[in-house]
There are 2 protein chains.
Amino acid sequence: MSTYEHDPVSHSVAHHLVAIAELLEEYGYARVTDVARHLGITRGSASITLKSLEQKGLVTYDDRRFLGLSEAGRQVAESIQAKKAVLRDLLVRVLGVDEKQAEEDTCKLEHLVSARTAERARRLLDFIESGSSEARRFLAAFGRFRKDGTGGTEEKGR
Amino acid sequence: MSTYEHDPVSHSVAHHLVAIAELLEEYGYARVTDVARHLGITRGSASITLKSLEQKGLVTYDDRRFLGLSEAGRQVAESIQAKKAVLRDLLVRVLGVDEKQAEEDTCKLEHLVSARTAERARRLLDFIESGSSEARRFLAAFGRFRKDGTGGTEEKGR
DNA sequence: GTTTTATGTTTGGCCTACCAAACATCCGGT
DNA sequence: ACCGGATGTTTGGTAGGCCAAACATAAAAC
C-alpha cells in the first residue's frame, strides 16, 4: 500500500494525477486536453490546475507539452490507484456490489481512505483469495444470506 | 437504510445537519454556537450556512434561536448517520480497524457512500451478527490471518 | 440597573475549483 | 505558403466554504 500518507491532496488534485497515470498507461501519452476530457472539465480549468501541479513538482511538461508525472506525483497517483483498487474489490468481491456502482463509489472515496484502513481491506482480500475453507464457506453463506435473508448453518445466539 | 437518495448534499451541509441531530440527541438543544463548536468552525460561518439551510427548508429556528430539523432535514441527517454507523461497524468489526481510525475515516466517507453500497454493507453486518458458524469461523480465521499471514485451514487453490 | 459575558449576524477577504469565451499557437492538408 | 481545426493559455466571473473582526443583542452577574 506504500507508506506515503503525504496524500493530503485535494479531491481535484488526486483526480488530475490519477487521470495522467491512467492516460499514460492506456494511450502512452497525456496532454491537457486529454486530462480535461477524462475528467469532464474544460481545457482552461485543466490547464490552470496542471500548471500549479507542475510548480508543486508533481507533474512534468514535455518539450512538446506532453504531460508526465514526477517521482513524487507518480507515488501519489499510485497510492490512490492502489486504494481505489482495494476499495472496488472489497465492494464487489465481499459486499457483492455491482461493478458499475462500485466504480462510482470508489471514485468518490478513493483518496479519502486512510492508508491503515486500506491496508486492512487489502488484508481481507488477501485472506479471501487465500482460498481458505473459512473464506470460501463464508462467501457462499453470505451469498445465500443476501438473497433469502438466512444465514445457512444457524447456531445463532452469542 | 431508507430510500432517500436525494442526498446530493455537500460535505459541509451533511456535517451541519448531522451536528444538529447529534446535539439534539445528546443535549436536547442546538444553537449556532454549539454547531460551530461541534464542527470546529467559527460562529460566523455556521450562522451563514445554517441560515441557508433554513431557506432550503432543512433547518428550523425556534422563537429563541434554538435550532431544529425539518422533516426533510431529519431524514437527510438520519440517512447519513445510518451510513456512518454501518461504515464504522464494517471497518471495526470486519476489517479490524481500530475505533479511532474508523471514526476518522467514516467522517470523511459517510455522506459519499451510495445507498446501495451502504445497504450491502449493512447486510454483511447482519450476516456477521446472525452468528452463523460460517461467519464466526471466518472472523476467527481472518483474525489469525491478520496476525500471522496464514489462513488457518488451508485447502488453497481454486 | 449597569456592566460583563455569551451568543448571533454582517462584512470583507481568501482560496479552491470550476466555466465561458477570447486569444494564442501549433500542425496537417492542400 | 496558407488556412482551418485542434490544442493550450489567459481573463473575468461564479459559487462554496471558510476566517477574522466589527457589530448587535440577549443573558448573567454584580
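Lettering follows sequence order; numbering is per chain, from 1.
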A/S45 side chain, from C-beta outward: closest of D/dG17, D/dC18, C/dC19: C/dC19
Hey, is [X] close enough to [Y] for a salt bridge, meaning N to O under 4.0 Å?
X: B/E99; Y: B/R88; result: no
X: A/K100; Y: A/E103; result: no
X: B/K108; Y: B/E104; result: no

Per-nucleotide protein contact string for nucleotides 21-26 of chain C, where B marks a base within reach and S marks sugar-phosphate only (heavy atoms under 4.0 Å, - for neither): ----SS
Distance-only donor-acceptor hits, side chain of residues 41-51 of chain B, under 3.5 Å, sequence neighbours excluded:
unit_1: B/T42; atom_1: OG1; unit_2: B/S45; atom_2: N; d: 3.2
unit_1: B/T42; atom_1: OG1; unit_2: B/S45; atom_2: OG; d: 3.1
unit_1: B/T49; atom_1: OG1; unit_2: B/S45; atom_2: O; d: 3.2

Starting at atom NE2 of B/H11, determine the distance to atom C1' of D/dA15, rounded to an integer number of angstrom. 18 Å
Quick one: A/R37 CZ to D/dT7 C1', roughly how many Å, whole number? 10 Å
Pairs of donor and acceptor atoms involving the side chains of residues 15-22 of chain B, under 3.5 Å and at least two apart or interchain, shall be tabulated with distances.
unit_1: B/H15; atom_1: ND1; unit_2: B/H11; atom_2: O; d: 2.9
unit_1: B/H16; atom_1: ND1; unit_2: B/S12; atom_2: O; d: 2.8
unit_1: B/E22; atom_1: OE1; unit_2: B/H38; atom_2: NE2; d: 2.8

Tell me which residues in residues 13-34 of chain B put a heavy atom below 4.0 Å from DNA chain C, sorted by number, or none. B/R31, B/V32, B/T33
So if I take residues 48-64 of chain A and measure heavy-atom distances to DNA chain C, which residues fall below 4.0 Å? none
Examine A/R123 relative to B/F145 and say whether NZ or CZ is less than 6.0 Å from the centre of the six-membered ring and inside a 45° cone about the ring axis. yes
Quick one: does NZ or CZ of B/R146 land under 6.0 Å from the six-membered ring centre of B/F142, within 45 degrees of the ring axis? yes
For a quick check of understanding: with a heavy-atom distance under 4.0 Å over all strands, which category does A/S12 fall into, base, sugar-phosphate or nothing? sugar-phosphate
Side chains of B/Y29 and B/L23 in contact at under 4.5 Å (non-hydrogen atoms): no
When the ring planes of B/F127 and A/F138 are compared, do they come out parallel, tilted or perpendicular, using 30° and 60° as the limits? tilted
Holding to side chain to side chain donor-acceptor pair (under 3.5 Å), I want the full list of residues that pass it with B/R74, two or more places apart in sequence or in another chain. B/E71, B/E78
